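All values derive from a computational prediction rather than experimental measurement. Proteins come first, then strands; the chains are lettered A, B, ... in the order of their sequence lines, and each starts at number 1.
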Amino acid sequence: MEIQRPRGTADLLPGTVEAWQVLERIVRDTLATANYQEIRTPVFEHTELFERGVGDTTDIVTKEMYTFEDRGGRSVTLRPEGTAGAVRAYVENKLYGQGNISKLYYIGPMFRYEKPQKGRFRQFHQYGVEVLGSEGPAIDAEVIHLNLTVLQRIGLKNLQVELNSVGCSVCRPRHKAQMVALLTPRRDELCKECQERLEKNPLRIFDCKNEHCHTVLKEVGAPYITDVLCEDCSEHFQSVQAYLTAMSVPFVVKKDLVRGLDYYTRTAWEVTSPGFTTIAGGGRYNGLVEQVGGPATAGIGFGGGIERALWVLAEQGGSLTDAQTVDAFVAVADTSAERTAMAVLATLRGRGISADRDYQGRGMKSQFKLADRMNAKFVVILGEAELASGKATVKDLATGQQEEVPFAELASWIEERVKGAAVGGHEA
RNA sequence: GUGAGUGUGGCGAAGGGGUUAACGCACCGGAUUGUGAUUCCGGCAUGCAUGGGUUCGAUUCCCAUCACUCACCCCA
């Protein structure tokens, strides 16, 4: 049997990679406008990093990690998300020693052992930012603003920012205690999973899809974390909203928003579009750097799914690319012109003019069809007559007009006419 | 991880236990001389996801495996 790609992975073929290139370009350009710098970290890390960083009660760690032993008997894991690795690198390379905040971004593959579905893969790709070293609400607003801006520039419509605060090490335990006190008497009525959540992370009960669980929540008067924030968190949350408003970032507060990772504190958000799953999401993680072994350092970041952004874009009827084009197609009318054709190709390419030809011995008619399919702008015809006269016949495929151009002037002639027009794939 | 559905050429698809597996698109070649459209002509699956079983005979029935899709879970 033919070898197939592993489940949940995808081949990106010519025709679709172009959109990825454009999207990545948009991400880089947008983040550069806010002075973010790229960081590249390993695609696998010691398993312990994720267990400690992401949290060992999360779904990601308990059932979705690609973990294996390497030949040295070490347990390593393909990264399921980008934050843990970035934070590890920040600590290991002592970036905090520079005294400034670090504004970082990454783009790359992530891995999660899940059952693949639409918009969900085992190897998927994210771009994301991490800001280390600032606690102030202004940076929250900047990061959320960037998160949304990238998506807008990609061309997505009907985007919605859902915002919440999940508290800190002061208010979270307090909230947890209240939840446990209120819900334990009616523990038996909760679904099996919520009974577990009650012990590990009661906040997540709000996330439950089970109706009866919600009824119980209401009846006992279980408070949203947002309603019982400590003073500092409450103030922070208010400020974030004020800054967002100042930056004209529309958002809605969603009190039951809980993110899937344990490390979030205070600000948490998701960006969605009605009818789709989460396209991007992020939050603040003030305790994470310490947990990974660094000095107490505030952090905040987001991750966006490339497949999901492209999927939603396509569903909304948008696209990111035009087909790649070629400036000149060199048509060989007679085998005696073969060498000249190769020379012309080399010359044109040397001048930065994209050029291609037929390598399958096709006839004239087929070569023109090929040129047409490549979206070539000009066809340079080389045959006996041209060799004899020292002039190439050049046809402008858009107008259908032909001209004789001396070999020596060919490159400049084409360059003049092609200049200014977007040359295939160099511009976003 | 649980449940359901699907799997025929590059793509979309018809078919159905018995000796030529429709059709459309795409692709390739041709319609007298070295030129892109349309039209016309011709070509293009010893094969119906893979492996096994039932049968005189299977691509059509059964089982397993793999993949994809959908729902749940959760998320990007």
Side-chain angles (χ1 to χ4, degrees), chain A residues 1-10 13 15 54 57-64 79-83 107-128 147 150-151 191-194 196-197 204 207-210 257-261 270-273 276-283 301-312 329-337 358 360-387 392-402:
Chain A
M1 174 165 155
E2 224 177 291
I3 295 176
Q4 301 174 309
R5 64 176 185 273
R7 180 167 214 193
T9 64
L13 306 176
V54 177
T57 63
T58 59
D59 278 9
I60 290 182
V61 171
T62 55
K63 53 185 205 194
E64 294 173 2
R79 63 181 185 196
E81 54 95 57
T83 303
I107 302 178
M110 306 294 162
F111 305 83
R112 258 121 97 158
Y113 193 89
E114 292 189 272
K115 204 154 182 176
Q117 266 179 48
K118 199 84 175 168
R120 167 187 290 167
F121 309 89
R122 288 187 172 179
Q123 175 177 339
F124 61 102
H125 300 76
Q126 284 187 331
Y127 54 87
N147 190 164
V150 166
L151 262 12
C191 73
K192 216 168 59 197
E193 279 181 76
C194 282
E196 243 174 79
R197 286 170 176 148
R204 294 199 66 85
D207 231 11
C208 188
K209 301 291 184 292
N210 188 310
L257 177 72
V258 184
R259 305 239 55 230
L261 311 178
E270 288 184 356
V271 185
T272 60
S273 186
F276 298 97
T277 45
T278 309
I279 303 166
F302 73 77
I306 295 181
E307 287 86 353
R308 290 200 177 169
L310 258 14
W311 167 47
V312 173
F329 182 94
V330 178
V332 181
D334 188 274
T335 49
S336 64
D358 157 61
Q360 295 174 110
R362 299 171 192 244
M364 258 298 117
K365 186 187 182 111
S366 293
Q367 292 189 56
F368 267 84
K369 281 190 187 172
L370 233 199
D372 207 32
R373 225 180 300 144
M374 285 181 191
N375 290 306
K377 297 189 183 70
F378 296 97
V379 174
V380 176
I381 302 164
L382 264 21
E384 277 182 284
E386 286 75 12
L387 256 36
T393 304
V394 184
K395 179 169 186 174
D396 182 328
L397 284 185
T399 65
Q401 292 190 321
Q402 279 187 198

Q: Starting at the 5' end of RNA chain B and moving along, which residue's nearest nucleotide shows up first, A/Lys63 or A/Arg5?
A: A/Arg5
Q: For B/C48 versus B/G5, give the span between their P atoms, rounded off to a whole number of Å.
A: 24 Å
Q: Contact class for A/Gly282 (heavy atom, under 4.0 Å): base, sugar-phosphate, or nothing?
A: nothing
Q: By the definition side chain to side chain contact (heavy atoms under 4.5 Å, CB included), identify the one residue from A/Arg122, A/Arg120, A/Glu81 that meets it with A/Arg112.
A: A/Glu81
Q: Which residues satisfy the salt bridge (charged side-chain N to carboxylate O under 4.0 Å, His left out) test with A/Arg362, sequence neighbours excluded?
A: A/Asp358
Q: By the 4.0 Å heavy-atom rule, please label A/Glu64 as base, sugar-phosphate, or nothing.
A: sugar-phosphate
Q: I want to verify a distance call: between B/G1, B/A76, B/G29, whose nearest atom is closest to the A/Tyr113 side chain?
A: B/G1
Q: Indicate, with a heavy-atom threshold strictly under 4.0 Å, whether A/Gln117 touches base, sugar-phosphate, or nothing.
A: base
Q: Base, sugar-phosphate or nothing for A/Ala371? Non-hydrogen atoms, less than 4.0 Å.
A: nothing
Q: Using the side chain to side chain donor-acceptor pair (under 3.5 Å) criterion, which residues pair with A/Glu307? Sequence neighbours excluded.
A: A/His125
Q: Say we look at B/U20 and B/C56: how far apart would their C1' atoms be, to the nearest angstrom?
A: 23 Å
Q: Identify whether any heavy atom of A/Gly119 sits under 4.0 Å from a base atom; if not, whether one sits that close to sugar-phosphate; answer base, sugar-phosphate or nothing.
A: base
Q: Could you check whether A/Arg120 gets within reach of a base, just the sugar-phosphate, or nothing at all, counting any heavy atom under 4.0 Å?
A: base
Q: Where the side chain of A/Lys115 is defined as all heavy atoms beyond and including C-beta, which of B/G3, B/C28, B/C75 is the nearest nucleotide?
A: B/G3
Q: Could you tell me whether the side chain of A/Arg373 has a donor or acceptor atom within less than 3.5 Å of a complementary atom in the base of B/C27?
A: no
Q: With the sugar-phosphate defined as primed atoms, P, OP1 and OP2, and the base as all remaining atoms, what B/S/- string results for nucleotides 30-36 of chain B, 5' to 3', for protein heavy atoms under 4.0 Å?
A: -B--BBB
